[in-house]
2 protein chains.
Amino acid sequence: MASDVAADRTRVLEAADRLFNARGVQAVGMDAVRAAAGVPLKRLYAAFPSKDALVVAVLHRRSGTWDAGIAAASATAASPRERLLAVYDFLGEWFRSDDFRGCAFINAFGELGGVSPAVADAVRVQKESFQRYLAGLVAELGAPPALATQLALLAEGAQTTAAIGGSPEAAAHARAAAGTLIDAALAVPTA
Amino acid sequence: MASDVAADRTRVLEAADRLFNARGVQAVGMDAVRAAAGVPLKRLYAAFPSKDALVVAVLHRRSGTWDAGIAAASATAASPRERLLAVYDFLGEWFRSDDFRGCAFINAFGELGGVSPAVADAVRVQKESFQRYLAGLVAELGAPPALATQLALLAEGAQTTAAIGGSPEAAAHARAAAGTLIDAALAVPTA
DNA sequence: ATCGCCAGAGAACGACCGTTCTCAGGTCCG
DNA sequence: CGGACCTGAGAACGGTCGTTCTCTGGCGAT
């Protein structure tokens, strides 16, 4: 009982997340996950009944760290406008981390969305949750809801652009564009 | 000589593109490509020496159809501003096609970018070419170059959002945002 | 001390991968 | 008509995958 199932889950999720992020999902075998996690295969399968379940769990965990990152970045922001812009500051920090290789959800959807409904759903849920977060702030701001969708497009685009081009400054560009869109939306109350 | 190597290449590229788009690259075996293309395995390997080469060739072909689509959409547009906005009209049409499942380049990068430098390069080249196209129009418009980057972010974000959420209207949102950004950039000549 | 139990390491399994090889059958040239 | 060549179909190969099974060694209880 020294290593309980919950501890196994954590170790496996961390290892799998790292490996999937670096090489993609299908290029990483369960044995590589086992080796990286330092957990016997039997306990791995006790914690996650299949690779598909492991992938979904990794995505779920990523949702949590994403939410926490956004919350931390917006903690110091005073107004809704600044909280919206803080999203792009968070992206900028993330893009600069050594192991950044794009949004895990976008990557997983591209790789597995066509063959694994569970993965496709997990990705959809996360993106909808992010949209709702933006929509809440936009509503606080008193701007039309369409602004939230536009700001989300900038965030998604920044993630793929930063990953493919290796250009973390995409976050700053997105932030600048977001500021322009917010100002324009507030200038015309109901267009 | 009834079926020449060039004809084989075309049939294989079309079949592979369809399959890769629907299921992802790694989930599609070379035998499935052969069956869908109706070409013997030997001729398949005569046309493409490896799966990696096939993937790169598929991406290269997609670049061509992308460029053609953009060109067609902007053909009726009179001004640089309208040609920029035509990009999002093109996206909207594409998003509404039955087999749309996201940008092949973004998907391929997420799946293979970490393990296949050739694929990563092909994706990077295409995205840079798109950026250059936008930059040209933005220059014609007399707006600062940063606008082109911002417009690219919107286009990229629209592609992933439309794919994941199954929401083709992402193109219209991106178009509206693009209009706002263009107007703002022109209002302040050099900020 | 002995027996029963459980956990860990890794072998085993069936399936499928990308790629190459075999071989039968047909086609052209002399 | 005969034989050299080429083609297509698919078997074969070595490897790896996800998943399960076996076996061995150590531990706790009696």
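The aromatic ring centres of W66(B) and F105(B) sit 6.0 Å or more apart.
Residues passing the side chain to side chain contact (heavy atoms under 4.5 Å, CB included) test with A16(B), sequence neighbours excluded: F20(B), V33(B), L54(B), V58(B). Taking D52(A) as the reference, nothing meets the salt bridge (Lys or Arg N to Asp or Glu O under 4.0 Å) condition, with sequence neighbours excluded. Among residues two or more places apart in sequence or in another chain, the side chain to side chain contact (heavy atoms under 4.5 Å, CB included) test is passed with V115(A) by L112(A), R23(B), A27(B). F48(B) meets the ring pair (Phe, Tyr, Trp, His ring centres under 6.0 Å) test with no other residue; sequence neighbours excluded. Scanning for salt bridge (Lys or Arg N to Asp or Glu O under 4.0 Å) contacts around K127(B) gives E156(B), with sequence neighbours left out. For D31(B), the salt bridge (Lys or Arg N to Asp or Glu O under 4.0 Å) partners are R34(B), not counting sequence neighbours. Applying the side chain to side chain contact (heavy atoms under 4.5 Å, CB included) test to R101(A) and every residue at least two apart in sequence or in another chain returns N21(A), N107(A), F109(B).
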For nucleotides 25-28 of chain C, tabulate all protein N/O to nucleotide N/O atom pairs closer than 3.5 Å, reporting atom names and distance.
none

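Under a 4.0 Å N-O distance rule, the pair R18(A)/D99(A) does not qualify as a salt bridge.
Here the C1' atom of nucleotide dG18(C) and the CG atom of D52(B) are 12 Å apart, to the nearest Å. With rounding to whole Å, F48(B) atom CZ is found 16 Å from dT19(C) atom C1'. Rounding to whole angstrom units, CG of residue L44(B) and C1' of dG18(C) are separated by 11 Å. Between the C1' atom of dC17(C) and the CG atom of L54(B) lies a distance of 15 Å, rounded to the nearest Å.
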Distance-only check: which donor-acceptor pairs under 3.5 Å involve side-chain atoms of residues 173-181 of chain A, not counting sequence neighbours?
| residue | atom | partner | partner atom | Å |
| --- | --- | --- | --- | --- |
| R175(A) | NH1 | D89(A) | OD1 | 3.0 |
| R175(A) | NH1 | D89(A) | OD2 | 2.6 |
| T180(A) | OG1 | A176(A) | O | 3.1 |

List, one per line, each side-chain donor-acceptor pair under 3.5 Å for residues 144-155 of chain B, sequence neighbours excluded.
none

- Query: Can you give one letter per nucleotide of nucleotides 20-28 of chain D, going 5' to 3': B for a protein heavy atom under 4.0 Å from the base, S for sugar-phosphate only, - for none?
  - Reply: B-B------

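Closest to the side chain of R43(A), out of dG8(D), dT19(C), dA7(C), is dA7(C).
A heavy atom closer than 4.0 Å to some atom of DNA chain D occurs in V28(A), G29(A), M30(A), these being the qualifying members of residues 9-31 of chain A.
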